[in-house]
Amino acid sequence: MTAPLIDPFARAITYLRVSVTDRCDFRCVYCMTEHMQFLPKAELLTLEELDRLCSAFVGLGVEKLRITGGEPLVRRGIMTFFRAMSRHLVTGDLKELTLTTNGSQLAKYATELADCGVKRVNVSVDTLDAAKFARITRWGRLPQVLDGIAAAKAAGLKVKINAVALKGVNEDELFTLVEWCAAGGHDLTFIEVMPMGDMEGEDRLDQYWPLSDLQAQLTTRYTLTDLPDRTGGPARYLRLAETGQRVGLITPLTHNFCESCNRVRLTCTGELYMCLGQEDMADLRAPLRASPDDAALRAAIRNAIAHKPKGHDFDYSRQTVAGQMTRHMSHTGG
Ligand code: SAM
Ligand code: SF4
């Protein structure tokens, strides 16, 4: 039996987030420019290569796979990949197969995803105002996403909503979003906007709405209790007594969650990022393509994990974006 992946800070790596494409059918203002240049298709791992890589991680003790992007559901043939990964659920080696999606293709794929053993999906919805939704996502349309969410629920999937907290954009919808999620039975997680990518004409600091402020606004209407739930990631959770729901806050910029980090991120070109906020990465595509045997690939994975950094350097505190990353979330996988 192979030894599990343990990094130099004694953290077991059990969670892999995989970006299966850098492409998307939306152009969210905080994520991409409108004229985003995507990678040439030849750069991308094939679905078979993604299968081999993910299966190697599962063989090394990864128990949770989150498929993301770009928009994972716009990748051609993506259901073949979900179907292939479901075999690891059947053996019990993989405990959870899930995805983060903008919801645009969920109406089409929800039933098949459920059939592949997916139990939960995260859907990104920053606003319930259709005009605002179109402004934020540029190419997205809210009714299509709401139909997708309905289809996911009908297929028996649990839907969690992710909303990026945007100053002056969805601040006024805080209670609307909370109540809508409570009524629909969705957990809700707010994400602080992160300094990713190089945004022509967009300033992350202008959009930065600290979740400490969002939490303070929640206390004006609800009784909040801190929950001890930890998922090994940057989220912390609150219970709202009045609605009974769990609200997550992802504050990578203001809270140190790195000690319990259990995850690494694989890009669609086979780069393994050990930390969302660091440039350190390992190329797994070369060992993957060098040999049909997985020995070199497994060695490269172990070597990469041995270099997982202790934490990240994001810092908005001095009104500068120290530790700003030049890559986009759609590349690393949010
Ligand atoms: N396309 C899918 C979606 O939108 O859910 C999956 C990929 S997207 C990169 C994953 C998550 O990252 C989304 O919830 C999105 O809102 C979030 N995200 C993108 N850019 C971000 C940024 N600059 N700061 C914080 N969150 C961001
Ligand atoms: Fe696409 Fe998701 Fe980025 Fe929006 S956040 S542009 S939906 S990848």
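As the structure lists them, so they are numbered: ligands from 1, and atoms in each ligand from 1.
Near Ile191, meaning under 4.0 Å from any of its heavy atoms, are these atoms of ligand 1: 14 (O), 25 (C), 26 (N). Per-residue contacts place Gly69 under 4.0 angstrom from the following atoms of ligand 1 (heavy atoms of the residue considered): 7 (C), 9 (C). With ligand atoms numbered from 1 in the order given, ligand 1 contributes 6 (C), 7 (C) to contacts under 4.0 Å with heavy atoms of Thr68. Residue-ligand proximity, Glu192 to ligand 1, at heavy-atom distances under 4.0 Å covers atoms 25 (C). Ligand-side atoms of ligand 1 in range of Met194: 22 (C), 23 (N), 24 (N), 25 (C), range being under 4.0 angstrom from any heavy atom. For ligand 1 and Val164, the ligand atoms under 4.0 Å from any heavy atom of the residue are 16 (O), 26 (N). Atoms of ligand 1 lying under 4.0 Å from any heavy atom of Gly70, numbered from 1 in the order shown and given with element: 1 (N), 2 (C), 6 (C), 7 (C). Atoms of ligand 1 lying under 4.0 Å from any heavy atom of Glu71, numbered from 1 in the order shown and given with element: 1 (N), 2 (C). Within ligand 2, the atoms closer than 4.0 Å to a non-hydrogen atom of Phe26 are 6 (S), 7 (S), numbered from 1 in the order shown.
The shortest distance between side-chain heavy atoms of Val121 and Lys160 does not fall below 4.5 Å. When side chains are defined from C-beta on, Val247 does not count as touching Thr189, because their heavy atoms never get closer than 4.5 Å.
Electrostatic pairing of Arg239 and Asp229 does not count as a salt bridge here, judged by no charged N lying under 4.0 Å from a carboxylate O. Using a 4.0 Å cut-off between a side-chain N of Lys or Arg and a carboxylate O of Asp or Glu, Arg298 and Asp293 do not qualify as a salt bridge. At a threshold of 4.0 Å, the pair Glu96-Arg66 does not count as salt-bridged, since none of the basic side-chain nitrogens sits closer than that to a carboxylate oxygen.
Around the NZ atom of Lys119, the shell of radius 6.0 Å holds no more than 12 heavy atoms that belong to other residues, nucleotides or ligands. Around atom CZ of Arg120, no more than 12 heavy atoms belonging to other residues, nucleotides or ligands sit under 6.0 Å away.
Which of Ser124, Gly69, Cys31 comes nearest to atom 3 (Fe) of ligand 2 through a heavy atom is settled by distance: it is Cys31. With distances taken over non-hydrogen atoms, the option nearest atom 19 (C) of ligand 1 out of Phe26, Tyr30, Tyr208 is Tyr30.
In this structure, Cys28 does not count as a contact residue of ligand 1, since none of its heavy atoms falls inside 4.0 Å of the ligand.
Ring geometry for Trp180 versus His186: interplanar angle of 30 to 60°, hence tilted.
The N/O atoms of Thr101, backbone and side chain alike, include one that comes under 3.5 Å of an N/O atom in ligand 1. Remark: ligand 1 and Ser124 share an N or O pair separated by less than 3.5 Å (distance only, no angle test).
When all heavy atoms of Asn170 and Asp126 are compared, the closest pair comes out as ND2-O, 3.0 Å.
Atom 1 (Fe) of ligand 2 has an N, O or S atom of Cys24 inside 2.8 Å of it.
Arg263 forms no cation-pi arrangement with Tyr15, by the criterion of a distance under 6.0 Å to the ring centre and an angle within 45° of the ring axis.
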